[in-house]
S.K.: 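Structure below; questions to follow.
The chains referred to below are lettered A, B, ... by the order of the sequence lines, with proteins before strands, and numbering in each begins at 1. This structure is a prediction, so every number in the text was calculated from the model and none was measured.
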Amino acid sequence: MLLTLLWRATFPSMQVTVSQRIHNLLCHLLSPWVPVVGLEIHAQISSNSKLFSGSQVQFAAPPNSLVSFFDASLPGTLPVLNRRCVEAAVMTGLALKCSINKKSLFDRKHYFYADLPAGYQITQQRVPIAVNGSLSYSLCMDSKMSQMVTKIVRIKQIQLEQDSGKSLHDDTRSQTLVDLNRAGVGLMEVVMEPDMCCGEEAAAAVRELQLILQTLGSSQAVMAEGQLRVDANVSVHRPGEPYGVRTEVKNINSLRFLAKAVDYEIRRQIEELENGGTILNETRAFDSRLGCTVPMRDKEGKQDYRFMPEPNLPPLILYDAKSLPANMNHQQVINIDWIHERLPDLPSVKREKLVEQYGILPEHSFTLLNEDGLAEFFESVVKQTQMKPKKVIGWILNDLLSYLKQYSLTVKESPVSSFLLADLLNLLEKKEISSTAAKQVLAELWKGEGKTPLEIVKEQKLELLQDQKELEQICQAVIDERENEVMAIKAGNRKVLNKLIGLVQRKTQGRSNPVLVKQLLEKKLSE
Amino acid sequence: MLRASLRQVSAALKEGRVTPTELCQRCLALIRSTKFLNAYITVAEETALKQAEEAEERYKRGQPLSILDGIPIAVKDNFNTAGIETTCASNMLKGYISPYNATVVQKLLDQGAVLLGKTNLDEFAMGSGSTDGVFGPVRNPWSYSRQYKEKSVPKSHSEDKEFNWVITGGSSGGSAAAVSSFTCFAALGSDTGGSTRNPAAHCGVVGLKPTYGLISRHGLIPLVNSMDVPGILTRSVDDAAVLLGSLAGHDPKDSTTVQDNFKPFELPNLTDVSKLSIGIPKEYNAPGLSSEILALWSKAADLFKNAGAKVVEVSLPHTHYSIVCYHVLCTAEVASNMARFDGLEYGHRSDAKESTESMYAATRREGFNDVVRGRILSGNYFLLKQNYEKYFVKAQKVRRLIANDFVKVFRSGVDILLTPTTLSDAAPYMEFIQEDNRTRSAQDDILTQAANMAGLPAINVPTALSERGLPVGLQFIGRSFQEKQLLTVAKWFEKQVQFPMIQLEEVKRHDNDVFHHQKSASFS
């Protein structure tokens, strides 16, 4: 149960069952094939304006409303590099432990496509802005939460490049409509080395990258909005042999589909090879409805992009504290060290801090970070309550989170604020209500009618009976009514005591403190 | 009045001897009567007159914007001009009206200049004759000068006189012809391999190619981004300095412009050249250099020597490779730059509807001439993965060698290089079109191209008339960003040679008010 919970939380929209995952793992262990998975990830830079023009960047704006002369490639226009995009790439590079190139270059990559107005994309083919980094990510190995392993994937490079526009094909009228709003938006292409071996690893690595980008603010990295696009390079080979021919799988728009697509492609290639077939170096598209990959009409694979240095942009020069020229205008230079010093805590550090500070389990820290805003919510509740963090985490992860999932809400949209939840947990902690009652109150709070926990407790008469005499009378009444049970207890069957406790609870409509009830009953029975 | 220099006419405007509107109308009238030159593609009569009126208001208030206020100028038709057609002399952009002004155009307008129109060129500035544009060839005003008519012997009396007209050179031939025929006081050209200096030489005007990065290319429709420079065509070196002062400087819209502030300057009257070291690069005595120009060149060297300057022969050993190197780099960038003309966003779009690809193909076939298509084809070949190292990278290395040649020579103490600008005087059109564009460009660019490879400033100074009565110019090449020194020396030379003024019937009719009568050739 716990595992499923973590899993779902880790990959919010993923519903892979435990058994299926274990099955996959076993298959990989037993199979005489070694799958190899590398990823190319395009992350849209979160910036006000585009990479080389002043046009605004905005999702879902009216078509062609965010297009400058440069974006439409009007003749005579020139690119002007957006400082913010460079900073975002430097931040990302540093967070991924890359070495940042103090001098990087821009190149033109040529191909004709309707949504590429200039006929070329400006990218960094020869010398990218960041190289040789690594990303560590965790995934759980079995149903016991303690079995989490940390893996590392090497980052080959991060390059800055332009996004393309969007083509909308109207097949019935056989026309193509082009929207250039996205054309020229800054992208970071993160190239991950083929260090992964299954869909689950790929998805976990991308999830960690996504969290890092969101923490840095360098990309909003929402896959559904296309801010994070993943292409997977997949191949299989026999142990000890060189890598097999790889295919590139595109059109993956969620983490769940990433895992599915990669695993499907691995299975397909193994089957193909075992049946004596060969693997073509081709681009395949993932069909999310059919759950399989299909060959794409492959024009790109065979294309010669005719790379050429971009002559309109001088080399991109970055500085560190040492190389920073003394009399340089600070507006015009980017200081890597300055950015490094200001990097926020990365998810891995945040998790460690949570575990250390609150004594929660490591896997809980994963769940807290995987939901946007949940860690902050948790910390806020902890600050406002006397309840121990270890107990608070249960309420957050089991109760609040399942409500959120059930209603598909984000933490920010939760009708129960951290303040209200803390209020409720305080009532529980002060033993003014039972935990059963607390759950009732939470259900009531979820309706978002603006009542405080205390008001709900009063309204529904959920407070624990504080009057010991009254409780003693009820206990006595139960003992008097249940001669048989009393006999049994006296004969040594202590389990029956629970039944009496239950009866008292029922009579008090759950408002009695079970510990106190137990004490009272024991005392009376021993009299 | 029309034959005056820019500085002279600016003074006349200030003194009220002529009004901007009057001046503009006279220029427009002369443009009409010299229409046969085909110097202009578009004449923006209405907006020009409006600009002139506005200038007139400012002069009336005694608040002209600058020395350029009210001065009629022309702009090569590969600079974007908001609201006025920008065609690059190509079917691809026929009827294309840009929504923005090139930075240099904006700067001229901001300083009150009156934009008369857009001048003719080779399609997308690819050529050295101004003969390969979709609007037809530009005719050299000197073809109709008294000087040429007197000296040229008709080949046969039965032949039409038409056959004797000579080309302007190119690709900024329209701008050179416009300045030369007095229809404007200055014009913008562009210079990638000599496109400003070459027609300037053939048309007897000053043609300045400033240092790469000194003037913004924003809005100049590119030929070779790494070599293109907006060029300045004027009647005198002083005027070129005025234009340079109003155009130079960093442009946030062009990342390849230098950050340093540019201080406009006035040119001193040099009296003493004894401290100067003039380099004569021996490689510029190139195959095909006419004996006439060779003689003129050595005469010019003697002029400096006699005035006390140090004149030394120098070597730029990699000059020979510049043609082939230029060919690779130019076509590669052309292939890339022309990729945007796909008929989708602007410009010509073919009716071909079978597929997007067929539409692209037909659009580009219909939109570009053979020269442009040929360069696109070879450029793409050089950029292919298997050829990139062999051609493009190698050409870049050669370019570096060529640039280093100059560095070495200047480091050796040479201040300015003196070379011919062209191999010969302007060829008659009928003769010129016997050879294909590529051969001609290769021949003609040989003396000018290296300066573009190295990004150096260079200027053509009209020097004398040839035996046929056509202008011949010499070129000065200076150190990077040392325009002031370059122009100062050019001005001194200009004063020594006293290049004769063109004698045009049409102009005489339009311009009775002559400032001063210039001597005929004193340096030939």
S.K.: Could you check whether B/N387 and A/R306, counting side-chain N and O atoms only, form a donor-acceptor pair closer than 3.5 Å?
M.R.: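 No.
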S.K.: Could you report the tightest heavy-atom contact between A/S73 and B/R340, atom names first, then the distance?
M.R.: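 That would be O-NH1, 3.1 Å.
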S.K.: Rounded to the nearest 0.5 Å, what's the gap from CZ on A/R108 to CG on B/N225? Could you check?
M.R.: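 Rounded to the nearest 0.5 Å, the CZ-CG separation comes to 5.0 Å.
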S.K.: Once you round to the nearest 0.5 Å, how far does CZ of A/F70 lie from NE2 of B/H218?
M.R.: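 Between A/F70 CZ and B/H218 NE2, I get 10.0 Å after rounding to 0.5 Å.
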S.K.: Counting only heavy atoms not in A/K156 (residues, nucleotides, ligands), do more than 12 fall under 6.0 Å from its NZ?
M.R.: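 At most 12 heavy atoms, drawn from other residues, nucleotides or ligands, come within 6.0 Å of this atom.
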S.K.: Could you pull out the closest heavy-atom pair between A/G76 and B/P222, with the gap in Å?
M.R.: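 Smallest interatomic distance, heavy atoms only, reads N-CD, 4.0 Å.
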S.K.: Considering only heavy atoms, which portion of B/F382 lies under 4.5 Å from any heavy atom of chain A: side chain, backbone, both, or neither?
M.R.: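 Answer is neither: B/F382 stays 4.5 Å or more from chain A.
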S.K.: Is the count of non-hydrogen atoms from other residues, nucleotides or ligands lying under 6.0 Å from A/R84 atom CZ greater than 12?
M.R.: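 Result for CZ/A/R84: enclosed.
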S.K.: Below 4.5 Å from any heavy atom of chain A, which atoms of B/D342 appear? Answer side chain, backbone, both or neither.
M.R.: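 Answer is side chain: those atoms of B/D342 sit under 4.5 Å from chain A.
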S.K.: Going by atom types only, do B/T356 and A/Y113 share a side-chain donor-acceptor pair under 3.5 Å?
M.R.: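 Not at all, the side chains of B/T356 and A/Y113 share no donor-acceptor pair under 3.5 Å.
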S.K.: What I'd like to find out is whether the side chain of A/M308 reaches to under 4.5 Å of the side chain of B/F392, using heavy atoms alone.
M.R.: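 Touching, per the 4.5 Å side-chain cut-off.
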S.K.: Does the B/S255 side chain pair with the main chain of A/P79, one donor and one acceptor, at a distance under 3.5 Å?
M.R.: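 Looks like yes, one N/O pair under 3.5 Å.
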S.K.: Mind checking whether A/D71 and B/E345 have side chains closer than 4.5 Å, heavy atoms only?
M.R.: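 They are not in contact (no side-chain heavy atoms under 4.5 Å apart), so the answer is no.
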S.K.: Are A/F69 and B/S98 close enough that some pair of their side-chain heavy atoms sits under 4.5 Å apart?
M.R.: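 The answer is no, as the side chains (C-beta and beyond) never meet within the 4.5 Å cut-off.
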S.K.: Return the option, out of B/A102, B/S226, B/G219, with the maximum number of heavy-atom pairs under 4.5 Å with chain A.
M.R.: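 Most pairs with chain A among the choices: B/G219.
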S.K.: Side chain, backbone, both or neither: which part of A/F307 has a heavy atom under 4.5 Å from chain B?
M.R.: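 A/F307 touches chain B through backbone heavy atoms alone.
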S.K.: Evaluate whether atom CG of A/N48 has more than 12 neighbouring non-hydrogen atoms of other residues, nucleotides or ligands under 6.0 angstrom away.
M.R.: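 Result for CG/A/N48: open.
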S.K.: Grab the two heavy atoms, one from A/P309 and one from B/Y388, that are nearest each other, plus how far apart they are.
M.R.: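 Of all heavy-atom pairs spanning A/P309 and B/Y388, the closest is CD-OH, 3.3 Å.
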S.K.: Within a reach of under 6.0 Å around CG of A/D170, are more than 12 heavy atoms found that belong to other residues, nucleotides or ligands?
M.R.: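 Result for CG/A/D170: enclosed.
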S.K.: Determine the minimum heavy-atom distance between A/P311 and B/R217, stating which atoms define it.
M.R.: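 Scanning both residues, the minimum pair turns out to be O-NH2, 4.4 Å.
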S.K.: Measuring from atom CG of B/D228 to atom CG of A/N312, what distance do you get when rounded to the nearest 0.5 angstrom?
M.R.: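 It is 9.0 Å, given to the nearest 0.5 Å.
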S.K.: Examine distances only and state if a side-chain atom of B/Y360 and a backbone atom of A/A114 form a donor-acceptor pair shorter than 3.5 Å.
M.R.: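 Flag set: sc B/Y360 to bb A/A114 pair under 3.5 Å.
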S.K.: Should the heavy atoms of other residues, nucleotides or ligands under 6.0 Å from NZ of A/K109 be counted, would the total exceed 12?
M.R.: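 Correct, the count exceeds 12.
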S.K.: Would you mind checking which part of B/Y96 comes under 4.5 Å of any heavy atom in chain A, side chain (CB onward), backbone (N, CA, C, O), both or neither?
M.R.: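 When you check distances to chain A, only side chain atoms of B/Y96 fall under 4.5 Å.
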S.K.: Using heavy-atom distances under 4.5 Å, tell me whether B/L220 contacts chain A through its side chain, its backbone, both, or neither.
M.R.: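 Backbone of B/L220 only, per the 4.5 Å heavy-atom cut-off to chain A.
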S.K.: Which heavy-atom pair separates A/T77 from B/Y100 by the least distance, and what is that distance?
M.R.: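 Taking A/T77 first and B/Y100 second, the nearest heavy atoms are N-OH, 3.3 Å.
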S.K.: If you measure from CG on A/L78 to CG on B/D251, what distance do you get to the nearest 0.5 Å?
M.R.: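 One gets 8.0 Å once the value is rounded to the nearest 0.5 Å.
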S.K.: Please classify the contact of B/E333 with chain A as side chain, backbone, both or neither, using a heavy-atom distance under 4.5 Å.
M.R.: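 For B/E333, the contact with chain A is made by backbone and side chain together.
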S.K.: Give me the atom names and distance for the closest heavy-atom approach of A/A72 to B/Y346.
M.R.: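 Smallest interatomic distance, heavy atoms only, reads O-CE2, 3.5 Å.
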S.K.: Please determine whether the number of non-hydrogen atoms from other residues, nucleotides or ligands lying under 6.0 Å from atom CZ of A/R246 exceeds 12.
M.R.: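 Open: at most 12 neighbouring heavy atoms sit under 6.0 Å from CZ of A/R246.
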S.K.: Using non-hydrogen atoms only, which part of B/N380 is less than 4.5 Å away from chain A: side chain, backbone, both, or neither?
M.R.: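 When you check distances to chain A, atoms from both the backbone and side chain of B/N380 fall under 4.5 Å.
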